[in-house]
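Naming convention: chains lettered A, B, ... in sequence-line order (proteins, then strands); numbering from 1 in each chain.
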Number of protein chains: 2
Amino acid sequence: MGVMEKIAVKPKTATKVAKVDKKTLPLDSILKMDCIEAMRSLPDACVDMVFADPPYNLQLGGDLQRPDGSQVDAVDDDWDKFDNFAAYDKFTQEWLAEARRILKPDGTLWVIGSYHNIFRVGATLQDQGFWILNDIIWRKSNPMPNFKGTRFTNAHETLIWAAKSDKARYTFHYRSMKTLNDELQMRSDWVIPICGGKERLKLNGTKAHPTQKPEALLYRILLACTNPGDVVLDPFFGTGTTGAVAKRLQRHWIGCERDSTYCKVAEERIEMALPLDESSLETMQSPKSQPRVAFGQLVENGYLRAGAQLTDKKRRFGAIVRADGSLVWNNKYGSIHKIGALVQNAPSCNGWMFWYYQTREGELKVIDELRQNYLLANEP
Amino acid sequence: MGVMEKIAVKPKTATKVAKVDKKTLPLDSILKMDCIEAMRSLPDACVDMVFADPPYNLQLGGDLQRPDGSQVDAVDDDWDKFDNFAAYDKFTQEWLAEARRILKPDGTLWVIGSYHNIFRVGATLQDQGFWILNDIIWRKSNPMPNFKGTRFTNAHETLIWAAKSDKARYTFHYRSMKTLNDELQMRSDWVIPICGGKERLKLNGTKAHPTQKPEALLYRILLACTNPGDVVLDPFFGTGTTGAVAKRLQRHWIGCERDSTYCKVAEERIEMALPLDESSLETMQSPKSQPRVAFGQLVENGYLRAGAQLTDKKRRFGAIVRADGSLVWNNKYGSIHKIGALVQNAPSCNGWMFWYYQTREGELKVIDELRQNYLLANEP
DNA sequence: CATTACGTTGAATCTGGGA
DNA sequence: GTCCCAGATTCAACGTAAT
């Protein structure tokens, strides 16, 4: 188990990416225009995440406009689906290219879709160099049944999580996700109800947006893959689920939305959203973000004496601690990790978990416990 | 509830598609060559289903160790190596085009893949004119964990079910699936364990094939979307899961496989497989494939007299039966389904379940019961 | 013989900070 | 950019051995 610790904006962000002056960004506001045009107004590498819920109904020609307002394709009653796929692909290429440009090098992209469009979106983003990290299945606990009994009940939607490249060092709060999932690794299939009840926004008694996404979905995504203070852009903002959750989780957001009714609904909704208290935002952090403790510090501070014998759990191997914090085994010297790997003939080893010491009572205890004690005693 | 009835090859197949002489097909055998070459040797429109488990193009990096230091046995076979996406796409286009050609007009295609390849496969098959009916999520109950804690556990694979066109009259045994799923509609996410235990084929103590699929997966697919006697072709036969399940379910199969070791293992395995007894094959069938009973037959045979009054369950609407089996309501005439839809102002209605008649005892009973009685009394 | 303990394994794009 | 090396990281099912 790790130690509770506040999330801090990862320091590498400050040093590794081109510095973007957040003051010049339209943070926490909606750009009331076409998303491609909107993104073009932003500088390169300025956002930490893009979350996109693009249109997928190929017959809704209105959703396929170019930045200049012209129609991508004449979608009339005689529409040919091949022409339509081409038009949809072009639209997808355009908004993805802009999203890619404004993403920081270590930022990630999330897209949600159904079988109508997700294969085209996925192939396109791979073509553009995005590196898929996971595909995530949103399993709806209460999907609409297939009334005609002609197919399987369409009970899920698919999300793609992708980095800008295979080398990118993306944000992923593994430990938070594991905690959220009752101490088991979070899987790629998430059970979340569809958006309804009080959460579902209404206008004159009817739903304000046909495909409003549940906040729980965005909550998990933002918690897992961004840090407080990060900037999340949503090119198809709709009624602003992304903005509402971002505000709750103390992330900045930028929305793109042409429809003025949606904009109005979203603004009112986000205005009402309450940011979580900072203490509620504390999450389980990976030990990676704990201060490092050198094994030698433990020796130096008397947690273990030089000359003490360490063994593995089953007492198959024994090694001696030296004053500088190195171990000796079979006339070979090295770190706890190196010698641990050596005795097992393994390529690598976490010495903290491998080596045990004997207490005065004769009990074997893993040396990682000493490190935890040291950390507790030396907390800031 | 429907009636238990034997599956029969759907009659339309015999009349609608170009007749293929099954004697000329290499039924229930493996074509030991490249799948594209193999499919080219077959005539047009000769198979009812193609099930394909193509290489995933995994693009794995270096070795991967578990936390305990042991090595993960990766898929490093030559058949999964492609130079780039373009090469993989070309390969996909070629085998899909042949699969499309040999499929009967009402036949369907199933493909399985992971996020590495499924988006490319999905987009390609849409480009070729296939009409996606569902994407199905195979949720693994026991996936391999993400050992490094770097992503969400990849706990599923994706299948695509597609018809040759949007007009195709594909086979789907809705009722069998609903029965299989405890009287709930079968959803698009299926929980099935990975293939292990006795089912996992071994050679000299190690797995015979790195990616053997569970029979439960094929069982559900073949049961849902083929009829006994249908022909299923698998272009990437491997160790023959498709063949083994097809034999069990009394379907014909054709496999394509280049690797002679896989061929040998598959042949032995299928040889051992026992076809299910015909009585075990009886499953709940869709009302559509039951012998149709015209409502008029019931009138004709005295199950209901002309002039009788029908109502809905709550006696909100009343209609009169005419001698030809049509109903009258508000001076409007039509079938039980049409008038049922009309009175509710609904787009459609299953009249068999909507309309009730009154017994001599004054009890309301759904008219579907009369149909069931008629069917029982008139069984062959 | 029953139960527990331990070892093995599965389509995996699987580390990251500092010099 | 490369290199070095500390050190973080697993779930369910199945098979076999030990108790």
> So which of residues 110-119 of chain B are in contact with DNA chain C, with a heavy-atom cut-off of under 4.0 Å?
Replying inline: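 Heavy-atom cutoff 4.0 Å gives B/Y115, B/H116.
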>> With the threshold set at under 4.0 Å for non-hydrogen atoms, list the residues of residues 308-321 of chain A touching DNA chain C in residue-number order.
In response: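 Residues of residues 308-321 of chain A that come under 4.0 Å of DNA chain C are, in numerical order, A/K314.
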Give a yes or no on whether a donor-acceptor pair under 3.5 Å exists between the nucleobase atoms of [N], that is its base, and the side chain of [X].
X      : N      : answer
A/R175 : D/dT9  : no
B/K213 : C/dA11 : yes
B/R66  : C/dG10 : yes

Counting only side-chain heavy atoms from C-beta out, which of [options] sits nearest to [X]?
X      : options                : value
B/M144 : C/dG10, C/dA11, D/dA12 : C/dG10
B/R151 : C/dG10, D/dT10, C/dC14 : C/dC14
B/K198 : D/dG15, C/dG10, D/dC11 : D/dG15
B/Q59  : D/dA6, D/dT9, C/dT13   : C/dT13
B/R200 : D/dG7, C/dG10, C/dT13  : C/dG10
B/E157 : C/dA11, D/dA8, C/dG10  : C/dA11
B/P67  : D/dT9, C/dT13, D/dC11  : D/dT9
A/W352 : D/dA6, D/dG7, D/dC11   : D/dG7
B/L58  : C/dA12, C/dA11, C/dT13 : C/dA11
B/D80  : C/dA11, D/dG7, D/dA8   : C/dA11

Integer-rounded Å distance: [N] [atom2] and [X] [atom1]:
X      : N      : atom1 : atom2 : result
A/N134 : C/dT13 : CG    : P     : 7 Å
A/Y170 : C/dT13 : OH    : C1'   : 10 Å
A/M186 : D/dC11 : CE    : P     : 12 Å
A/F172 : D/dA8  : CZ    : P     : 18 Å

> So, do A/T171 and A/D48 sit near enough that their side-chain heavy atoms are less than 4.5 Å apart?
Replying inline: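 Not touching, per the 4.5 Å side-chain cut-off.
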> Do A/Y356 and A/L310 touch side chain to side chain, with heavy atoms closer than 4.5 Å?
Replying inline: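 A/Y356 does not reach A/L310 side chain to side chain.
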> Base, sugar-phosphate, or nothing for A/R187, non-hydrogen atoms under 4.0 angstrom?
Replying inline: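 Nothing, no heavy atom under 4.0 Å.
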> Contact class for B/N146 (heavy atom, under 4.0 Å): base, sugar-phosphate, or nothing?
Replying inline: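 Touches a base.
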Applying salt bridge (Lys or Arg N to Asp or Glu O under 4.0 Å) as the test, list every pair that has at least one member in [range]; sequence neighbours left out.
range                       : result
residues 51-60 of chain B   : B/D53-B/K213
residues 315-339 of chain A : A/D312-A/R316
residues 125-136 of chain A : A/D127-B/R120

>> Under the rule for salt bridge (charged side-chain N to carboxylate O under 4.0 Å, His left out), what residues qualify as partners of A/R371, not counting sequence neighbours?
In response: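 Salt bridge (charged side-chain N to carboxylate O under 4.0 Å, His left out) list for A/R371, sorted by chain: A/D368.
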>> Using a 5.5 Å cut-off between ring centres and planes within 30 degrees, is B/F147 stacked on the base of C/dC14?
In response: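 So no, this residue does not stack on that base, at least one cut-off failing.
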Sequence neighbours excluded, which residues qualify as ring-ring contact (aromatic ring centres under 6.0 Å, His included) partners of [X]?
X      : result
B/H209 : B/W79, B/Y262
A/F130 : none
B/F119 : none

> Would you say the side-chain atoms of B/H116 and B/S114 include a donor-acceptor pair closer than 3.5 Å?
Replying inline: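 Yes, B/S114 and B/H116 have a side-chain donor paired with an acceptor closer than 3.5 Å.
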> For residues B/D63 and B/Q71, is any side-chain donor paired with an opposing acceptor at under 3.5 Å?
Replying inline: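 Indeed, the side chains of B/D63 and B/Q71 share at least one donor-acceptor pair under 3.5 Å.
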Determine the interatomic distance between [atom1] on [N] and the same-named atom on [M]; round to the nearest Å.
N      : M      : atom1 : result
D/dG7  : C/dA19 : P     : 15 Å
C/dG7  : D/dT10 : C1'   : 14 Å
C/dG10 : D/dT9  : P     : 25 Å
C/dT13 : D/dA6  : P     : 28 Å

>> Output the pairing pattern of DNA chain C as a dot-bracket string, 5' first, Watson-Crick or G-U wobble with both distances under 3.5 Å, | for cross-strand pairs, [ ] for crossing pairs.
In response: .|||||||||....|||||
>> Give me each pair satisfying side-chain hydrogen bond (donor to acceptor under 3.5 Å, both in side chains) with a member in residues 188-203 of chain B, each pair once, sequence neighbours excluded.
In response: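 Passing the test, one end in residues 188-203 of chain B: A/R139-B/D189, A/H156-B/S188, B/R187-B/D189.
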>> List the residues meeting side chain to side chain donor-acceptor pair (under 3.5 Å) with B/W161, not counting sequence neighbours, and say none if there are none.
In response: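 Result, side chain to side chain donor-acceptor pair (under 3.5 Å) vs B/W161: B/T108.
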